Amino acid sequence: MSSEKLVIASAERPLSPGAIALMLMLCLSWGFNQTAVKLALPDIPPMLQATIRSAGALPVLLLIARWRGVKMFAPDGTLGAGLFAGLLFGIEFVLIFHGLFLTSASRAVVFLYTAPFFVALGSYQFLGERLRASQWGGLGLSFAGVALAIGVPQPDVDARVLLGDLFIVGGASLWAATTLMVKATALSRAPPEKALGYQVAVSIPILALAAWLSGETLTRIPGPLALSLMVYQALWVVGLTFLLWVALVKTYSASKLSAFTFITPLFGVVASYFIMHDTLTLTFGAAAVLVIAGLYLVNRPNPMVPAATAPLLTVTKT
């Protein structure tokens with residue numbers, strides 16, 4: 001079967017109950033991740049967390065690649081694009097982890113999932129994709145939601161929290177940039193282990209430098225909770241769930257799968273409310289609904305276009 005027929009077959013294949021259950025598990029994992037970072041902050045500063053996370057995930061990727069027979073170091077023309085994607089990935093998490101130090105986990109998880117807004121704009125600019133009126137309307141809803149959330153007069157919101165929000169939005173824009181690079185460069189031909197391996201490996205020295213420049217140190221031996229959360233972030237979130245997502249995209253319609261990622265911010269907000277006791281208001285809830293509704297409209301496939309040729313305006317990691 002040709003590659004084009006394989007794409008059509010995967011796009012038309014309905015999601016199995018197992019795939020739906022797996023997607024719900026991935027979204028739950030990603031939604032809890034921002035809360036996990038916040039919970040570990042008393043023992044491990046943010047940039048050190050990010051460094052440890054990447055350093056711990058890299059051996060996992062190498063082991064999976066070895067098990068699957070992927071030649072991680074074979075020359076294939078992806079080095080330049082991979083190194084640049086790794087640079088973006090590293091700076092992305094410098095912004096995200098520093099933002100999490102300044103803002104609440106519930107705000108961070110919503111702002112982080114504005115990344116498809118930037119993917120859509122980048123796809124229009126660099127990939128020549130033309131958006132439908134409903135998709136532009138979705139972008140407008142997402143923008144309105146972000147503006148409403150940033151301007152929400154919550155009692156614990158000050159200039160420090162707003163700066164953290166902006167850091168998270170900046171990280172989301174770089175997340176979108178790495179997504180566009182994977183779609184538009186030689187990385188599109190690389191196995192997922194190698195495409196992600198570039199990003200994780202290059203991010204380690206960037207994040208370590210950021211930790212050093214920030215003067216971060218471990219003032220005490222991390223407790224069992226912090227250590228277990230670091231294992232969760234490194235081995236599970238970065239090392240495994242990112243690869244599981246890519247594998248699902250190869251098997252099923254990416255548009256159908258991307259609809260499930262709208263659940264992730266909801267999981268994140270609920271987790272931060274119950275675990276971190278973050279302050280939530282009806283206005284902020286309305287802002288979250290606007291963002292999620294806008295992302296749905298952006299990602300909704302065109303009913304007049306075959307699923308295999310509908311534009312992919314989504315992100316592939318968290």
Side-chain angles (χ1 to χ4, degrees), residues 15-40 49-65 67-68 70 85-86 89-90 92-93 96-97 100 105 108-109 112-113 115-116 119 171-172 174-176 178-179 182 187 190-201 203-204 207 228-254 256-272 275 295 299 312 314-318:
L15 299 183
S16 68
I20 292 173
L22 185 56
M23 276 305 306
L24 289 172
M25 180 270 292
L26 294 182
C27 291
L28 178 61
S29 300
W30 297 338
F32 177 69
N33 190 54
Q34 280 71 35
T35 301
V37 173
K38 298 287 285 189
L39 286 172
Q49 277 196 54
T51 305
I52 295 169
R53 183 174 103 153
S54 287
L58 186 57
V60 176
L61 294 174
L62 294 174
L63 286 173
I64 294 175
W67 176 63
R68 294 187 62 231
V70 174
F89 185 87
E92 167 195 336
F93 283 103
I96 289 174
F97 275 74
L100 282 168
V109 76
L112 184 58
Y113 278 85
V119 172
L174 292 182
W175 177 4
T178 58
T179 299
V182 170
L187 290 175
E193 293 89 348
K194 188 164 187 175
L196 182 58
Y198 276 123
Q199 299 174 52
V200 171
S203 72
I204 295 173
L207 295 168
S228 62
L229 291 172
M230 290 311 306
V231 171
Y232 170 79
Q233 291 185 58
L235 304 189
W236 181 249
V237 174
V238 179
L240 292 175
T241 65
F242 292 178
L243 289 178
L244 288 173
W245 166 255
V246 173
L248 282 171
V249 170
K250 288 180 176 293
T251 305
Y252 296 99
S253 164
K256 294 175 183 177
L257 289 171
S258 68
F260 278 89
T261 66
F262 307 143
I263 303 172
T264 303
L266 297 181
F267 279 140
V269 170
V270 171
S272 63
I275 298 174
L295 297 183
N299 283 269
L312 172 60
T314 185
V315 294
T316 58
K317 62 185 178 60
T318 181

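Predicted model, so just to flag it, every value in this text is computed and none were measured. One is the number of the first residue; the rest follow in order along the sequence.
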Would you mind reporting whether [Y] and [X] have side-chain heavy atoms less than 4.5 Å apart?
| X | Y | value |
| --- | --- | --- |
| Phe93 | Leu174 | no |
| Val238 | Gln233 | no |
| Leu207 | Ser54 | yes |
| Leu61 | Leu243 | yes |
| Leu235 | Leu240 | no |

| field | Pair Leu187-Tyr198, side-chain contact (heavy atoms from CB on, under 4.5 Å): steps then yes or no | value | CA-CA 10 Å; Leu187 290 175; Tyr198 276 123; 3.8 Å; yes
| message | Quick one about Thr241 and Ser29 (side-chain donor to acceptor, distance below 3.5 Å, no hydrogens or angles considered), yes or no? | response | no
[X] and [Y]: which non-hydrogen atoms are nearest, and at how many Å?
| X | Y | answer |
| --- | --- | --- |
| Ser203 | Gly90 | CB-CA, 3.7 Å |
| Pro59 | Ala55 | CD-O, 3.0 Å |
| Ala57 | Ala234 | CB-O, 3.3 Å |

| message | Using side-chain contact (heavy atoms from CB on, under 4.5 Å), reason through Val237 and Tyr232 one step at a time and then give a plain yes or no. | response | CA-CA 6 Å; Val237 174; Tyr232 170 79; 3.7 Å; yes
Roughly how far, to the nearest 0.5 Å, is the [atom2] atom of [Y] from the [atom1] atom of [X]?
| X | Y | atom1 | atom2 | result |
| --- | --- | --- | --- | --- |
| Trp30 | Trp236 | CH2 | CH2 | 10.5 Å |
| Gln199 | Lys194 | CD | NZ | 13.5 Å |
| Ile64 | Leu196 | CD1 | CG | 9.5 Å |

| said: Between Glu193 and Val70 (side chain of the first, backbone of the second, donor and acceptor by atom type, cut-off under 3.5 Å), is there such a pair? | reply: no
| Who passes side chain to side chain contact (heavy atoms under 4.5 Å, CB included) against Leu58, sequence neighbours left out? | Leu62, Val200, Ala201, Ile204
